Amino acid sequence: MIGYGRQQIDEADLMAVREVLLGDWLTCGPAIEGFEREIQAISGAQHAIAVANGTAALRVMYQAVGIGPGVRVGVPDITFMATAMQVQMLGGEVVLLDVDPQTLLLTPEILEQYHGDLDVVIPVHMAGRLCDMQGIAAWAKRRNVRVLEDAAHAFGSSWTDSQSENRKCGDCSHSEAAIFSFHPVKNITCGEGGAIVTNDDVLADRCRSLRHHGLERHNKQGPLAAEDGNGSWYHEFHEVGGNERLSDIHAALGRSQCAKLDIFKQRRAEIIERYRAILDTQKVCTLAEAPANQQPFWHLCQIHVDWEQLGISRQDLFQQAREAGYGFQVHYIPLHTQPVLAECEQASDLSGAMAGYKTAVSVPCYPGLTDSDVEAVCRWLMSFVA
């Protein structure tokens, strides 16, 4: 089965994990700091806080900035459920925002059309393609709205701003913080893993505390602080937190994967362009135009299908694809259709999200694919077009 995504593991990854397994630290050890330094270098952020997965990264980031009861958070209608659900788990209010039907991104133009109140907005970078962070940040500044990025799909993506300066996804030049995911189908993998990046020293310290049950070793206030505060064992808990730590085993794999980031990025770009060259010869299965000022790290290859012209339903296509040995997927089902979010405010009719969802299909895209694999997928799709 050729699925839509897959991890790429080599001997160097195995050796990195083996070294940790044979060492002294399986968790809370030096591999974490080494991995965090790599994330800082790749993202351009001053701080990186590694956590157990992308969902944990969202929850810790949200809690660290104060999302909770009464805080209104704008979330794009097309994203993985965790982006909105972690707001709900902290007691915040989710407001669902529309997206562009082709790129599936939240845009400044969509935000301009919303006249309600928001405290926070969460731009979600989709498939490696980046939101217009400069435009969103300008809108947010006028409205006094805080900006946090869900960059689970975009570790390693980069872009050029209006001053022709090269920017890295996660440098937080237009946001307070961002998160990444290192799930097996993401741009690099830890098996499971995630990270928060920020340039705010106070926010970074709070994230580090929250990933470890809210443990605090510096700002000691408890009744034993005067007596035992200087003891090496002494610590306090000042707020509720969970165990969101990443193990050294996972961090070692992630750090090893970072060494191959440029190779992975280049190969995914080649795969996307090969799809584009073949699919541009017809109008039934299409890719959104390539972004002019971005260098995406393509996490997904999302095509849009005109089902009427194709003459087959998406359900039938998926079934026949599986029988042919191809695993397709859809990213994502609009949040407003999910029962758990049924009571959330909708900023508009969300027609862009629904239009994008109805035509979207994620086809295989990962570094291990050969050129002949890509061409086989395209030939199979073209058989229906013909």
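This one's a predicted model, so the numbers in the text were calculated from it and none came from an experiment.
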Any chance you could lay out the salt bridge (charged side-chain N to carboxylate O under 4.0 Å, His left out) test for Lys283 and Asp306, step after step, and finish with the verdict? CA-CA 8 Å; Lys283 301 298 183 183; Asp306 184 328; over 6 Å; no

All side chain to side chain contact (heavy atoms under 4.5 Å, CB included) counterparts of Ala138, not counting sequence neighbours: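 In terms of side chain to side chain contact (heavy atoms under 4.5 Å, CB included), with neighbours along the sequence ignored, Ala138 is linked to Arg142.
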
Tell me, please, which residues at least two apart from Glu270 pass side chain to side chain contact (heavy atoms under 4.5 Å, CB included). Gln266, Arg267

Pairwise side chain to side chain donor-acceptor pair (under 3.5 Å) hits with a residue in residues 30-40, at least two apart: Glu36-Arg211

Just wondering, do [Y] and [X] contact through their side chains at under 4.5 Å, heavy atoms?
{"X": "Met126", "Y": "Thr103", "answer": "no"}
{"X": "Asp248", "Y": "Pro30", "answer": "yes"}
{"X": "Leu253", "Y": "Phe35", "answer": "no"}
{"X": "Ile271", "Y": "Trp298", "answer": "no"}
{"X": "Glu216", "Y": "His218", "answer": "yes"}

What donor-acceptor contacts under 3.5 angstrom involve side-chain atoms of residues 184-197, with partners at least two apart or in another chain?
residue	atom	partner	partner atom	Å
Asn187	ND2	His153	O	3.3
Asn187	ND2	Phe155	O	2.8
Thr189	OG1	Phe182	O	3.1
Thr189	OG1	Gly191	N	2.8

Mind checking side-chain hydrogen bond (donor to acceptor under 3.5 Å, both in side chains) for Asp171 and listing every partner two or more places apart, or none if nothing turns up? Ser173

Kindly compute the distance separating [atom1] ([X]) from [atom2] ([Y]), expressed to the nearest 0.5 Å.
{"X": "Ser256", "Y": "Asp10", "atom1": "OG", "atom2": "CG", "value": "6.0 Å"}
{"X": "Met382", "Y": "Ile278", "atom1": "CE", "atom2": "CD1", "value": "8.0 Å"}
{"X": "Trp139", "Y": "Leu106", "atom1": "CH2", "atom2": "CG", "value": "8.5 Å"}
{"X": "Ile32", "Y": "Leu246", "atom1": "CD1", "atom2": "CG", "value": "4.5 Å"}

Donor-acceptor side-chain pairing of [X] and [Y] below 3.5 angstrom:
{"X": "Asn293", "Y": "Thr160", "value": "no"}
{"X": "Gln295", "Y": "Ser158", "value": "yes"}
{"X": "Gln338", "Y": "His336", "value": "no"}
{"X": "Asn243", "Y": "His212", "value": "no"}

Hey, does the side chain of [X] reach the backbone of [Y] with a donor-acceptor pair shorter than 3.5 angstrom?
{"X": "Gln282", "Y": "Val284", "value": "yes"}
{"X": "His304", "Y": "Gln102", "value": "yes"}
{"X": "Glu149", "Y": "Ala151", "value": "no"}
{"X": "Asp228", "Y": "Gly231", "value": "no"}
{"X": "Ser209", "Y": "Leu215", "value": "yes"}
{"X": "Asp77", "Y": "Ala353", "value": "no"}
{"X": "Glu273", "Y": "Arg276", "value": "no"}

Run the numbers on Tyr275 and Val374 for side chain to side chain contact (heavy atoms under 4.5 Å, CB included), then give the verdict. CA-CA 7 Å; Tyr275 274 120; Val374 175; 3.9 Å; yes

With ring centroids as reference points, do His125 and Trp159 lie under 6.0 angstrom apart?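 No, too far apart.
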
Aromatic ring proximity Tyr4/His331, centre distance under 6.0 Å: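 Between His331 and Tyr4, which both carry aromatic rings, the centre distance is below 6.0 Å.
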
In this structure, are over 12 heavy atoms from other groups packed under 6.0 Å from Glu375 atom CD? yes

Can you confirm whether Asp349 is buried at CG, in the sense that more than 12 heavy atoms of other residues, nucleotides or ligands lie under 6.0 Å from that atom? yes

Take Asp205 and Arg208 through the salt bridge (charged side-chain N to carboxylate O under 4.0 Å, His left out) test and state the conclusion after the steps. CA-CA 5 Å; Asp205 284 344; Arg208 293 188 184 99; 3.2 Å; yes

Mind running side chain to side chain contact (heavy atoms under 4.5 Å, CB included) on Lys260 and Asp13 for me, showing each step along the way? CA-CA 10 Å; Lys260 298 178 277 286; Asp13 298 325; 2.8 Å; yes

Would a hydrophobic clustering, with Ile, Leu, Val, Met, Phe, Trp and Tyr connected at side-chain separations under 4.5 Å, put Leu97 with Val71? no

Same apolar cluster: Val124 and Met85, side chain cutoff 4.5 Å: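 No: no chain of side-chain contacts under 4.5 Å links Val124 to Met85.
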
Applying the side chain to side chain contact (heavy atoms under 4.5 Å, CB included) criterion to Cys172, which one of Asn199, Leu148, Leu203, Asp200 satisfies it? Asn199

Please determine whether side chain to side chain contact (heavy atoms under 4.5 Å, CB included) holds for the pair Gln88 and Val94, giving the CA-CA distance in whole Å, both sets of side-chain angles, and the decisive distance to 0.1 Å. CA-CA 7 Å; Gln88 286 191 315; Val94 173; 4.0 Å; yes

Report yes or no: is the cationic atom of Arg314 (NZ for Lys, CZ for Arg) under 6.0 Å from the centre of the six-membered ring of Tyr357, at an angle within 45° of the ring normal?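 That pair qualifies as a cation-pi contact.
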
Using 30° and 60° as the class boundaries, would you call the ring planes of Tyr326 and Phe328 parallel, tilted or perpendicular?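 Rings of Tyr326 and Phe328: parallel, under 30°.
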
Side-chain atoms of residues 113-123: list all donor-acceptor pairs with protein atoms under 3.5 Å, sequence neighbours left out, distances to 0.1 Å.
residue	atom	partner	partner atom	Å
Tyr114	OH	Arg72	NH2	2.9
Tyr114	OH	Glu345	OE2	2.8
Asp119	OD2	Arg72	N	2.8

Trace of the side chain to side chain donor-acceptor pair (under 3.5 Å) decision for Gln315 with Gln319: CA-CA 6 Å; Gln315 186 173 357; Gln319 178 62 36; over 6 Å; no

After noting the C-alpha distance and the side-chain angles of Met81 and Ile333, does the key distance pass the side chain to side chain contact (heavy atoms under 4.5 Å, CB included) rule? CA-CA 9 Å; Met81 175 60 70; Ile333 300 171; over 6 Å; no

